[in-house]
Asks: 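Sending over a structure as structure tokens; questions will come in a sec.
A quick note: this is a predicted structure, and the numbers were derived from the prediction, not measured. Computation of the quantities below employed the complete heavy-atom set of this structure, encompassing side-chain atoms and omitting hydrogens, waters and symmetry-equivalent molecules.
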Amino acid sequence: MMSQAVDLIIYNARQLCTMPLQDNGPQRGHRLGDVGMIEAGAVAIHDGEIAGIGTSDEICSSFYSATVLDVTNLVVTPGLVDPHTHAIWAGDRAAEFERRIAGATYQQLMAEGGGINSTVRQTRAADLATLVDQAKPRLERMMQHGTTTVECKTGYGLETHTELNMLNAIAILDAEMPLDLIPTFLGAHAVPPEYKDDPNAYVNVLVREMIPAVGEWKAEHWPGILFCDVFCEEGAFSVEQSRRILEAGRMAGLGLKIHSDEFESLGGTRLAVELGATSADHLVATNDEEIALLGQSNTVAVSLPCTPFGLGHHHYSRAIDMLEAGVAVAIATDCNPGTAWCESMQFAMALATRYLRLTPAQALVCATVNAAFAIGRGGEVGTLAVGKPADLVIWEIDDYRHLGYRFGGNLAKTVIKHGRVVFEQ
Ligand code: NIG
Ligand code: FE
């Protein structure tokens, strides 16, 4: 039998975790946790895609390459997928952090005009080049920690010009960096100070001007999926306002997401299921009824354990109850300057094992195959199979459970995006 020439062969992996789909969809309920392990595994890569995957014997007899990587004793997984970040912003909120540790609450700071609106002031004052320059090292760190696909939200402009500037920053960073970015319009992140006394007037602006402008921006600049998101919360947007915003997003051809139950249970998760949103995110205060609804739906539940941790809170998403109800759960960093400045999905997995009580296998599913379904890229990224993009991480560990178990450092040895090494240590 003739063997096929490829660009790269990675072989002898102690554990190759392929992270399979289940029933062509995300892994859910009690079946969530299949890492699809191949021992002594190998991957053949050609033209940025996976040409073959199997045991080293199988791959080395079917393919040959001038470039081979022997990964004896190491673990290989898909590149991690971070399905919820606010990675584009200007400035910082270190002073607010000090006030919070001294006892001020996140909602108090928000009510005083700080919080999100403090980053809005700094972001409005920044030009496009500054936004790109400040976001780039964060995205770089994400990549160094094994993330190869990142969802990025706007939401620190809260007026058309700056919101579009944030989308432009995302498009520039996507083009300049090896990472794949998935943009989300979050003009409904907070009520901007100009509309403090009339939030519904801001909702009108969102629905009548900003969302249509984003639809036009997408038609001109972004062939891929672009989401519309809303912060449904006490002090931000009500369920009724959220419904108007998401329906306008759908009209403009955008995918739907929601921030719900971060602090209070308002009914945003029910709304997400009703509208067929791709994901509902945060889900700390979610009640039994809405957990059951999620379990019956295709809406992915994105838990953000770095956020309660970052706020010094002690309540996390009820992931075990969600699995009991058959929910497809994913995790993300929520990287943002207010509640969770964390670029590492490894750290999100470490928190998910302890506070969501997921096994390392479940946490890895939530950070790969299921995370991809939370951003409309299900079955394309976050899983290793023939024909998929060659996005993978070689880890400096000999048992995948060390992801989740160990924390505080970086266990990624080599990060490969579309078949190219983009980080090595
Ligand atoms: O996901 N909840 C709203 N948005 C962010 C916080 C953003 C900020 O404080 O700047 C979150 O926690
Ligand atoms: Fe968020």
Side-chain angles (χ1 to χ4, degrees), residues 1-27 31-81 146-149 178 180 345 360-373 377-403 411-424:
M1 193 181 82
M2 281 283 288
S3 70
Q4 186 188 330
V6 291
D7 295 335
L8 171 66
I9 294 176
I10 298 170
Y11 71 107
N12 270 347
R14 165 71 66 95
Q15 298 177 342
L16 170 62
C17 300
T18 60
M19 312 312 293
L21 275 59
Q22 254 164 21
D23 309 324
N24 264 320
Q27 298 187 23
R31 291 168 70 210
L32 191 158
D34 180 5
V35 300
M37 193 202 291
I38 303 174
E39 286 176 18
V43 190
I45 295 170
H46 197 64
D47 275 343
E49 286 185 355
I50 297 177
I53 184 161
T55 64
S56 297
D57 286 348
E58 286 163 358
I59 295 304
C60 295
S61 63
S62 311
F63 299 91
Y64 73 91
S65 177
T67 316
V68 294
L69 271 179
D70 179 350
V71 293
T72 300
N73 283 331
L74 305 178
V75 170
V76 177
T77 71
L80 306 179
V81 176
T147 300
T148 50
T149 304
D180 280 324
M345 283 294 284
Q362 291 172 330
L364 189 56
V365 166
C366 290
T368 53
V369 54
N370 280 15
F373 278 94
R377 301 294 310 278
E380 293 170 52
V381 296
T383 185
L384 299 180
V386 172
K388 307 295 177 200
D391 294 359
L392 29 96
V393 184
I394 301 166
W395 300 96
E396 192 77 69
I397 53 179
D398 62 6
D399 179 332
Y400 76 85
R401 293 176 300 183
H402 286 220
L403 295 169
L411 299 169
K413 182 182 191 308
T414 307
V415 180
I416 294 173
K417 179 69 187 176
H418 288 308
R420 268 196 331 112
V421 173
V422 293
F423 172 71
E424 184 134 50

Asks: List the atom of Glu424, the atom of Thr414, and the distance in Å for their closest heavy-atom pair.
Replies: OE2-OG1, 3.3 Å

Asks: Rounded to the nearest 0.5 Å, how far apart are CZ of Arg377 and CG of Asp180?
Replies: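 Here the rounded value is 5.5 Å.
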
Asks: Atom CG in Leu384, atom CD1 in Ile50: separation rounded to 0.5 Å?
Replies: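 Leu384 CG to Ile50 CD1: 4.5 Å, rounded to 0.5 Å.
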
Asks: Can you see which heavy atom on Ile38 is nearest to which on Ile53, and at what distance?
Replies: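 Minimum heavy-atom separation between Ile38 and Ile53: CD1-CG1, 4.4 Å.
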
Asks: Between Pro78 and Thr368, what is the shortest heavy-atom contact and its length?
Replies: O-CG2, 4.3 Å

Asks: Below 4.5 Å, heavy atoms only, C-beta onward: do Pro360 and Leu403 meet side chain to side chain?
Replies: no

Asks: Between Gly33 and Ala361, which heavy-atom pair has the shortest distance, and what is it?
Replies: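 Reported closest heavy-atom pair: O-CB, 3.5 Å.
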
Asks: So which heavy atom on Ile397 is nearest to which on Tyr400, and how close?
Replies: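 Taking Ile397 first and Tyr400 second, the nearest heavy atoms are CD1-CA, 4.2 Å.
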
Asks: Which pairs count as side chain to side chain donor-acceptor pair (under 3.5 Å) when at least one residue sits in residues 384-398, sequence neighbours excluded?
Replies: Thr77-Trp395, Asp391-Lys417

Asks: Would you say the side-chain atoms of Ser56 pair up with the backbone N or O of Gly41, donor to acceptor, closer than 3.5 Å?
Replies: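 Side chain of Ser56 to backbone of Gly41: a pair is present.
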
Asks: So how far is it from Met19 CE to Leu80 CG, rounded to the nearest 0.5 Å?
Replies: 9.5 Å

Asks: Among Val43, Val68, Thr72, which residue meets the side chain to side chain contact (heavy atoms under 4.5 Å, CB included) test with Tyr11?
Replies: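 Of all the options given, the one that passes is Val68.
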
Asks: Any side-chain to backbone donor/acceptor pair from Thr67 onto Leu8? Under 3.5 Å, distance only.
Replies: no

Asks: Closer than 3.5 angstrom, by distance alone: can the side chain of Gln27 be matched with the main-chain N or O of Pro20 as a donor-acceptor pair?
Replies: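 Yes, Gln27 side chain to Pro20 backbone: donor-acceptor pair under 3.5 Å.
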
Asks: If you look at every heavy atom in Ile59 and Gly52, which pair is closest and at what distance?
Replies: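 Shortest heavy-atom contact: CD1-C, 3.6 Å.
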
Asks: To the nearest 0.5 Å, what is the distance between CZ (Phe423) and OG1 (Thr147)?
Replies: 12.0 Å

Asks: If a pair satisfies salt bridge (Lys or Arg N to Asp or Glu O under 4.0 Å) and one of its residues is in residues 5-26, list it, with sequence neighbours excluded.
Replies: Asp23-Arg31

Asks: For the atom pair CD1 (Ile416) and CD1 (Ile45), what is the distance rounded to the nearest 0.5 Å?
Replies: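 If we round to the nearest 0.5 Å, Ile416:CD1 and Ile45:CD1 are 5.0 Å apart.
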
Asks: I'd like to check the salt bridge (charged side-chain N to carboxylate O under 4.0 Å, His left out) partners of Asp34; sequence neighbours left out, ordered by chain and number.
Replies: none

Asks: Once you round to the nearest 0.5 Å, how far does CG of Leu392 lie from OG1 of Thr18?
Replies: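 The OG1 atom of Thr18 is 12.0 Å from CG of Leu392, to the nearest 0.5 Å.
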
